[in-house]
Structures are given as C-alpha cells and as structure tokens.
Amino acid sequence: MADIIATNETILVVGGGISGMTAALEAAECGKQVILIEKGPSVGGRVSQLYKYFPKLCHPTCGQEINQRRIKANKNVRLLTMTEVAEVSGEAGNYSVTLKTAPRYVTENCTACGDCGEAVEAEFDSEHNYGLGKRKGAYLPHQMAYPQRYVLDPSIIGTPDATKAKEACKYDAIDLDMQEETTSITVGAIIWATGWRPYDANKIQPYGYDRFANVITSVEFERLMDPHGPTGGKLLRPSDGKEAKDIAFIQCAGSRDRNYLKHCSRICCMASLKQTTYVREKYADDGKATIYYIDIRAIDRIDDFYQNVKADENVSFIKSKVAKIEEDKASGNPVLHGVNTEGYERYANPHDLVVLAVGMEPSVASEDFPIKVTVNDNGFIEQDEANGAIFAAGCASDALDVNRAVQSATASALRAIQVVNKVAGMEG
Amino acid sequence: MSNMNQAMVEKYRNDFLKEVKANVEEGDWVQMCMQCGVCSGSCPFGPYWDHPPQELFMMIRAGKREEVLSSNSMWMCTSCYNCIARCPRELPITHIMHGLAHYADRLGLAPKEQPTRKFANRFWDNLVKKGRVNELKLGVSLYFMNGFIEGIKTAMAAAPLGMGMMKAKRLSPMEYFGGHGVKDSKGLDAILKKARQIEDEKIAKYNS
Ligand SMILES: Cc1cc2nc3c(=O)[nH]c(=O)nc-3n(C[C@H](O)[C@H](O)[C@H](O)COP(=O)(O)OP(=O)(O)OC[C@H]3O[C@@H](n4cnc5c(N)ncnc54)[C@H](O)[C@@H]3O)c2cc1C
Ligand code: SF4
Ligand code: SF4
C-alpha cells in the first residue's frame, strides 16, 4: 500500500468500533490527517452486533449509517480494514508504526452482489452471530457492513471453493493471489480504540454455559433478536428450538468477582433491563423475565429506564447471586439454585432460557500491546504521562456504554490534536 | 454467663463486629461480605440451618450477639468448601464458621446439646491423650453420648461396620487397652501446654 501518506502530523486510530470511528471523525473534521485501522473486515465493532441501544431503544444501524456517511465524505480519513499494528516505537510526536494487512482476496470492484457467496460451499461459524449459525466461505460480514465488500475466508484459498468464487464473480473482483502486506508509517499520536470482549462464560463453572444448551450469554441474546440473525429474530432456545417465553437474566456473570473479573462491567445491568423489553416486544403479556441481581446499577439519567422496567408486571427481580444452575433433563430447562437474600428463602427455579449478563474485558490483553502502555488492575488503559501520545478511547479505557465511549473518544481526539498541533507549530 | 463472656460484653458493648474481628479466627473478613447470597445458596445444608453464612454475617454487623453465638448454624458446616470456592469476595467462609463455633464454645454460649459440638469436644479429648485418635474409644464414647440404652442400640446397628473395619485392620479391639500414640509424647505435651498457655493468657486478659 504505497499510496499511504502519513507524517508526524498524522493521527493513527486503532480499532474501528463506535469509539475509533468517532475519534477518527472528530479529528478529521478538525482538519487533521487520520489513518483508521480495523482488524476485522468492516467497521462498527460490537455495537453492530446489538439489536437495539439503550437508553433510547433505537436500532444501532442509524448511528452507524451516520458515521459511515461521515467517513465517506471526509477525505482526511483513510480507512484500512483487516489491518493490525505489528510494531510501534518512538515517542510523542514521532512514532514509527508497522501495519500488517491481511489479504481479503476481494478488490474494490466488488458490488456485494453475493454471487461468490452462492457459489462457495464451505461454511464456518458466524463471527457476527457469536458462533450461533453459519456463514459461507465467501461472505459479507453483515447487512450493514462498511465497506460493503465481500471477504474470502483464508481457509478456502487453494481449494476448489476459491476457484468457484472467482469464476462466479462477474466484476472480476476476486484476486486469489493477494498477499499479506506490511506498511511502515510515521505518525504523531495514536488513539487506541480496540474495545472490549465478552468475558469467557465457560470459566464460570457453576453456571454450566459449557454444559447446558439453554444457558446463553447476553451478547448472543442480542443476536437472537436480529431479524437477520441466526433465528430470524425469534427468541428460540438452542436445545429444541422452542420459543423461550420465561427467561432468566443473571447479573454480574463474571464481574465483581475475585474469581473472574474484579471490576463492575457497568453496562450489563442496563443491558439486561433493556433485554427485558425485548421479551415484552416479542410476547407482550405472555412473556416473563426474571432478573437475579446483587444490586442494580442503573444510575443518573438511566434510572428512569430502570423505574419503567420495574413497573412492568411481567418482569420480576430476585435479589440473589445465583449459586449454581442445573439442568432438568426431561424438559431441558435450566434450574437456578440460590437464596433470595430478601427473606433468605432457598429457591430452585426452572426457566426456559437463561441469559448470562457477561462482563466486559479489554479485547487486547496488556501483554499483547505492541508498545508498553500503563493499564489499571483490570487491564484497561490509564490516562498516564508515561503513555506519551498514546491515548485510549472507549472500552479500551474502561467498561463503558456507547454514550460514555463516544465522550471518551472525543476527549482522546482532542488530546491527539494537541500533540499534532504542537508538532506542526515546531515545524512552522 | 461465663466471666469471659461478661468481659467481652463489657469490652465491646454494641460493637459485635469489632468483637468478632478481634476474637474469631478469620473474623476480620466478615466486613468484606457484600451480601450476594452465593454462599447460602451453595451450602448443601442450606435448608436445615437457622441462618446460612450470609445471614450470619449480616447479623454480626447488626449486632445480634446472643442470636449468633447461641445459634447452632455454624455447627452445621460440613467443610465442603463450596462457599469458599464461589464467594466473589474470597471470604474464607468455612473457616469463619469454625472460628465462630469455637468462639461460642469458649464463651460457653454454644448450644449444649449440639451434636457436632459434643463430638468435637470428645474428639479433642480423645486426641490429646496420645496424639493419635483412638477410634475404638471415640466410637464407643459417641455411641453412649445420648445415654446407655440409646448407646447399645447404636452400637448394635453399627456392629457390621465395626467388624468390617477390624477385618480391614482399620480398628483393633486391643486399642481399648492403651492404644497407639505419637513417638514423642513429651513433645506433644509441651506443644499442647504452650497452646493452652497462650489461650489462657488471652482469656485471663479479659477476666482480670
Ligand atoms: C450485552 C450488551 C449489550 C449492550 N447494549 C448496549 C446498549 O444498549 N447501549 C449502549 O450504549 N451500550 C451497550 N453496550 C456497550 C457497547 O457495546 C459498548 O459501549 C461499545 O461496543 C463500545 O465501543 P468501542 O468502539 O469502544 O469498542 P468495540 O465495539 O469493541 O470496538 C472495537 C473495535 O476494535 C477492533 N479491534 C480490536 N482489536 C484490534 C486490534 N488489535 N487492531 C485493530 N482493531 C482492533 C474490533 O474489531 C472492533 O471493531 C452493550 C454491551 C453488552 C455486553
Ligand atoms: S453493571 Fe450490574 S451486572 Fe454488570 S457487573 Fe455491574 S452490577 Fe453486575
Ligand atoms: S458469598 Fe461471600 S460475599 Fe456473598 S454473601 Fe457469602 S460471604 Fe458474602
């Protein structure tokens, strides 16, 4: 990619989720040169995997679309997908960065007509759907993907499927000889916006995510609601495809727990409250949601949301950290065991489906950063002088909702702008 | 009320949590409990306790001294360690249960007829004699714990078990006459004496 021009007045943004896009756009719209890199084949990050956003319950697509338009319209932003940072050295105002771009095998000629996807036979677990359901070996990451361009799974290269894909394409957009590319650039400041990942629910042994089909995670639940998702937007439970009408939500699954993540992931209370509205949306008064919680952390402006959910008679709250889940073999129902701390009664409650409100952890482990950065006990990047001109945005800095992630992105853009302004001033 | 109990009441007045922190083994952890309930829900004995661990911890903080110390709840702990494995705050709950039981016993507040308490005391008396448990004597003393007639009945019921243990050389009738012990019985006496002395000093501090 010889055509990438970057100087020490350029800002590099790593991670193309809502935070990275925001930081890149804020800086670019202030007239700065920005390179935005994204590891995956499209931008949007985990927000594109949500059905609806709290607190307003709008669909994420509209916010995404606005950002995509802003990116398209702004010549100061250069977007590189399937790209990661391999190495970083230097200091504030002068970083040497090596980027690695994985081959997509599909060029800009692609019109997203989908003929290659039809032609290919191999199927893989769908990343977009957190492994619920399949995608083809030639695929569009998701409906709203930007760029709207297909990708070939690297494992079909060299197989007859690859040739089939190439032959099916009417626009000659498939290039099977594409190779990994390495690019060296110089930038003045780096915004690190690599986001979060859901805590691995398999580690929470007593909840049996690895053993019981009808115990799923909150991120998977979002995918079930999506009309383009693995169940076509129906709340079907995995074991038997039955409609799940009595759904339990377990809070702090992996958070606030010294055995797992020590921190409060902060968004999962709101996420579950939001997801109870999905149950109502699907079934009206026939659906039932039960939230098992230690305490509900919906603060400030979002307390209203909590009060509204509380007023819903079909939603109940049980103040209890669930001790363990067992499965009723005959019905496939997960049975929750614990003690209701308001009254100390023991319960053994069956539900159709259990949703674990899993915690958020940083997507990049501290030892995997290409350059030393200061992180806190939970692995999130700290605002620290020692980090030079490397600034964290969004969930790379803390467990945040979109609103706060975007605020943090704007703040990091301002910090980066100050650095490159200083460089510009010195170079006069 | 024992002297020590009286002294403790006066010393700590309304602050039972402070008393627990100072006197109960691992008692300083009680303040770390966040009342999530996972320990209570994890306990195999849960339905049979008056107060599961998390409730006991709340009662300690609420200053319910008499109710806690005379409760039979902590005596129900089987040391399964489920609660410790699951507690999000890493409280050593099992150990706190035993610490509370021991403290209640020392103060003379533990329920007299609580079978675990009785067994624990018998076990201890049996053990300190020779540094090794004399299974035969311990067994016999347990059978007769609730009176002579009851004892004969229990012994008869347990006879096949006893015979099996003898066959497997886990139990010897000769144990009734003396029985096995540690090699260095003087050393054992010295250790126990020292432990007793430390304990007595602690108690004397409050009884003076
Ligand atoms: C169940 C659930 C429901 C939620 N619902 C809501 C809601 O309703 N409303 C709300 O406000 N918030 C919600 N959230 C929180 C929301 O998902 C986050 O606030 C948001 O995703 C943060 O965006 P981000 O850009 O910081 O991180 P991400 O969305 O994680 O984006 C990070 C991006 O960086 C890329 N990346 C990662 N590593 C690298 C690398 N090494 N190099 C290059 N790129 C990389 C990733 O591919 C990704 O595209 C929810 C969270 C959960 C768990
Ligand atoms: S936000 Fe709620 S569910 Fe999530 S870790 Fe914090 S308290 Fe637990
Ligand atoms: S599990 Fe730990 S934090 Fe939870 S109630 Fe029991 S002792 Fe308290």
Side-chain angles (χ1 to χ4, degrees), chain A residues 199 201 203-209 248 250-265 268-269 290-297 317-326 334-350 354 356-359 377-378, chain B residues 17 26 28-64 67-68 70-97 100:
Chain A
Y199 184 72
K203 293 185 188 159
I204 316 170
Q205 190 277 341
Y207 292 166
Y209 175 75
I250 298 188
Q251 297 313 109
C252 306
S255 299
R256 298 172 70 190
D257 193 323
R258 300 185 70 84
N259 301 303
Y260 313 114
L261 298 175
K262 280 193 255 175
H263 60 271
C264 166
S265 296
C268 16
C269 278
T290 311
I291 295 190
Y292 295 82
Y293 70 104
I294 303 175
D295 40 45
I296 294 288
R297 296 190 166 174
F317 290 83
I318 297 182
K319 188 166 169 59
S320 166
K321 183 172 168 77
V322 174
K324 69 167 176 205
I325 299 179
E326 282 173 348
V335 183
L336 275 51
H337 292 268
V339 163
N340 184 340
T341 64
E342 291 173 325
Y344 299 101
E345 297 116 35
R346 276 176 90 91
Y347 57 79
N349 295 345
V354 173
L356 304 179
V358 286
D377 282 352
N378 310 316
Chain B
L17 176 62
E26 305 282 14
D28 52 346
W29 278 97
V30 170
Q31 63 193 348
M32 295 303 292
C33 170
M34 66 165 160
Q35 291 293 299
C36 73
V38 114
C39 51
S40 304
S42 302
C43 180
F45 263 79
Y48 308 102
W49 304 45
D50 295 338
H51 313 295
Q54 160 235 358
E55 193 183 6
L56 277 179
F57 298 156
M58 197 64 229
M59 288 163 72
I60 291 173
R61 291 195 221 165
K64 302 206 167 185
E67 274 171 86
V68 170
S70 60
S71 157
N72 81 357
S73 293
M74 51 275 194
W75 296 96
M76 303 287 283
C77 172
T78 59
S79 306
C80 75
Y81 282 77
N82 265 349
C83 54
I84 293 197
R86 292 186 192 153
C87 173
R89 292 265 174 112
E90 289 180 338
L91 267 76
I93 304 160
T94 313
H95 306 168
I96 305 172
M97 291 301 114
L100 279 172

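The figures here come from the full heavy-atom set of this structure, side chains too, leaving out hydrogens, waters and symmetry mates. Each chain gets a letter, A, B and so on, in the order the sequences are listed, and its residues count up from 1.
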Subject >> Exercise: identify the closest heavy-atom pair between A:Arg346 and B:Ser40 >> reply: NH1-O, 2.8 Å
Subject >> Straight-line distance of B:Arg86 CZ to A:Lys324 NZ, nearest 0.5 Å >> reply: 6.0 Å
Original post:
Is the number of heavy atoms from other residues, nucleotides or ligands within 6.0 Å of NZ (A:Lys319) greater than 12?
Top reply: yes
Original post:
Quick one: CZ on B:Arg89 to CG on A:Asn259, what's the gap to the nearest 0.5 Å?
Top reply: 12.5 Å
Subject >> Enclosure of B:Tyr81 OH (heavy-atom neighbours >12, cutoff 6.0 Å) >> reply: yes
Original post:
Rounded to the nearest 0.5 Å, how far apart are OG1 of A:Thr341 and CD of B:Gln54?
Top reply: 5.5 Å
**OP:** Check whether B:Cys83 gets within reach of chain A through its side chain, its backbone, both or neither, counting any heavy atom under 4.5 Å.
**Re:** neither
Original post:
Any idea which of A:Arg256, A:Arg258, A:Gln205 has the most non-hydrogen atom pairs under 4.5 angstrom with chain B?
Top reply: A:Arg258
Original post:
Which heavy atom of A:Ala323 sits nearest a heavy atom of B:Ser42, and at what distance?
Top reply: CB-OG, 3.4 Å
**OP:** Locate the shortest heavy-atom distance separating A:Val322 from B:Val38; write the atom from each residue and the value.
**Re:** O-CG2, 3.4 Å
